[in-house]
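Structure first, then comments.
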Amino acid sequence: MTTDEIRDELARLKGWTRICGVPGMLKEDGDLHLKWKLRHHEQWDHPMPPTLDGANAAVPEGWYWIRRYIDDVMTWTGCPGHEAVGLGLEHVRHVPDTGDPVHDLYALALACVRAEEKR
């Protein structure tokens, strides 16, 4: 998945919906501007900004992440906080470090959200 696809999926999982673009309002890349809606709130900006702060905020509450080597490969690891004690490694999530920390941390956030749904 691309970073934008991951951001869109995380927004959807948090209840955001994308509402139609406004004809005549094009972004610099030629795409339509899209509005996002959550309940009665609408906004033009994507609810998951393409920044490290945005990616960090997307990691579920109570989870923490670290960047570390696993078998000589740099990896991002997400764990469900102190609750992880005794849960086993099936609740820990890993994604490889691609060199793009915004993408990697968003990918980890999505993996952690999906793991949280299974708990």
Side-chain angles (χ1 to χ4, degrees):
M1 293 177 88
T2 67
T3 305
D4 288 342
E5 291 169 335
I6 294 169
R7 291 170 50 227
D8 288 350
E9 177 68 5
L10 283 164
R12 187 188 67 72
L13 290 170
K14 289 193 179 232
W16 288 92
T17 55
R18 198 170 18 190
I19 51 182
C20 65
V22 178
M25 293 192 64
L26 299 178
K27 297 189 289 186
E28 291 177 15
D29 61 6
D31 286 341
L32 285 175
H33 278 283
L34 298 172
K35 263 190 171 180
W36 290 86
K37 183 176 182 176
L38 179 66
R39 295 179 203 84
H40 300 291
H41 174 76
E42 292 182 8
Q43 66 184 44
W44 288 103
D45 294 330
H46 196 293
M48 306 284 165
T51 63
L52 266 178
D53 286 342
N56 185 46
V59 174
E61 188 174 328
W63 284 66
Y64 68 93
W65 57 266
I66 58 173
R67 187 171 168 253
R68 64 187 182 141
Y69 281 101
I70 298 177
D71 297 328
D72 296 326
V73 176
M74 185 57 78
T75 304
W76 296 80
T77 300
C79 299
H82 298 292
E83 299 171 13
V85 175
L87 287 178
L89 294 177
E90 69 271 9
H91 295 283
V92 175
R93 295 294 180 256
H94 305 284
V95 297
D97 184 334
T98 67
D100 180 351
V102 172
H103 173 82
D104 297 343
L105 194 50
Y106 264 121
L108 182 62
L110 181 57
C112 294
V113 166
R114 288 182 174 157
E116 186 72 16
E117 290 175 341
K118 292 179 182 178
R119 286 179 35 173

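We count residues from 1, following the sequence as given.
- Pro50 places none of its side-chain heavy atoms less than 4.5 Å from the side chain of Thr3.
- Scanning all heavy atoms of the two residues, the minimum distance from Leu10 to Ala58 falls at CD1-CB, 4.0 Å.
- Within the hydrophobic cluster formed by Ile, Leu, Val, Met, Phe, Trp and Tyr side chains joined at under 4.5 Å, directly or through other members, Met74 is accompanied by Tyr69.
- Salt bridge absent: Arg114 and Glu117 never bring a charged side-chain N and a carboxylate O closer than 4.0 Å.
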Using the side-chain contact (heavy atoms from CB on, under 4.5 Å) rule, take Leu110 and Leu13 through it: C-alpha gap first, then chi angles, then the decisive distance, then the call.
CA-CA 9 Å; Leu110 181 57; Leu13 290 170; 3.7 Å; yes
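- The side-chain hydrogen bond (donor to acceptor under 3.5 Å, both in side chains) test with His41 singles out one residue from Gln43, Lys37, Arg39, and that residue is Gln43.
- For the atom pair OG1 (Thr98) and NE2 (His103), the distance works out to 5.5 Å, reported to the nearest 0.5 Å.
- Residues satisfying the salt bridge (charged side-chain N to carboxylate O under 4.0 Å, His left out) criterion with Glu5, sequence neighbours excluded, are absent altogether.
- In summary, Glu116 and Arg93 do not engage in a salt bridge, as defined by a charged side-chain N under 4.0 Å from a carboxylate O.
- Scanning for salt bridge (charged side-chain N to carboxylate O under 4.0 Å, His left out) contacts around Asp100 gives an empty result, with sequence neighbours left out.
- Scanning for salt bridge (charged side-chain N to carboxylate O under 4.0 Å, His left out) contacts around Arg68 gives an empty result, with sequence neighbours left out.
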Applying side-chain contact (heavy atoms from CB on, under 4.5 Å) to Val59 and Leu108, what does each step give before you reach the verdict?
CA-CA 7 Å; Val59 174; Leu108 182 62; 5.5 Å; no
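- Between Ala55 and Val102 the shortest heavy-atom distance is CB-O, 4.0 Å.
- To the nearest 0.5 Å, the span separating OH on Tyr64 from OG1 on Thr77 amounts to 9.0 Å.
- Not counting sequence neighbours, Asp104 has no partner by the salt bridge (charged side-chain N to carboxylate O under 4.0 Å, His left out) test.
- Atom-to-atom distance recorded for Arg67:CZ and Thr75:OG1 is 9.5 Å, nearest 0.5 angstrom.
- When side chains are defined from C-beta on, Asn56 counts as touching Trp65, because their heavy atoms get closer than 4.5 Å.
- Summarising the geometry of Cys112 relative to Gly78, their closest heavy-atom pair is SG-CA, 3.9 Å, with the distance given to 0.1 Å.
- Here Trp36 is tied into one hydrophobic group with Trp16, Leu38, each link being a pair of ILVMFWY side chains closer than 4.5 Å.
- When all heavy atoms of Arg7 and Pro49 are compared, the pair lying nearest together is NE-C, 4.0 Å.
- Taking all atoms of both residues into account, the shortest heavy-atom contact from Tyr106 to Met48 is OH-C, 3.2 Å.
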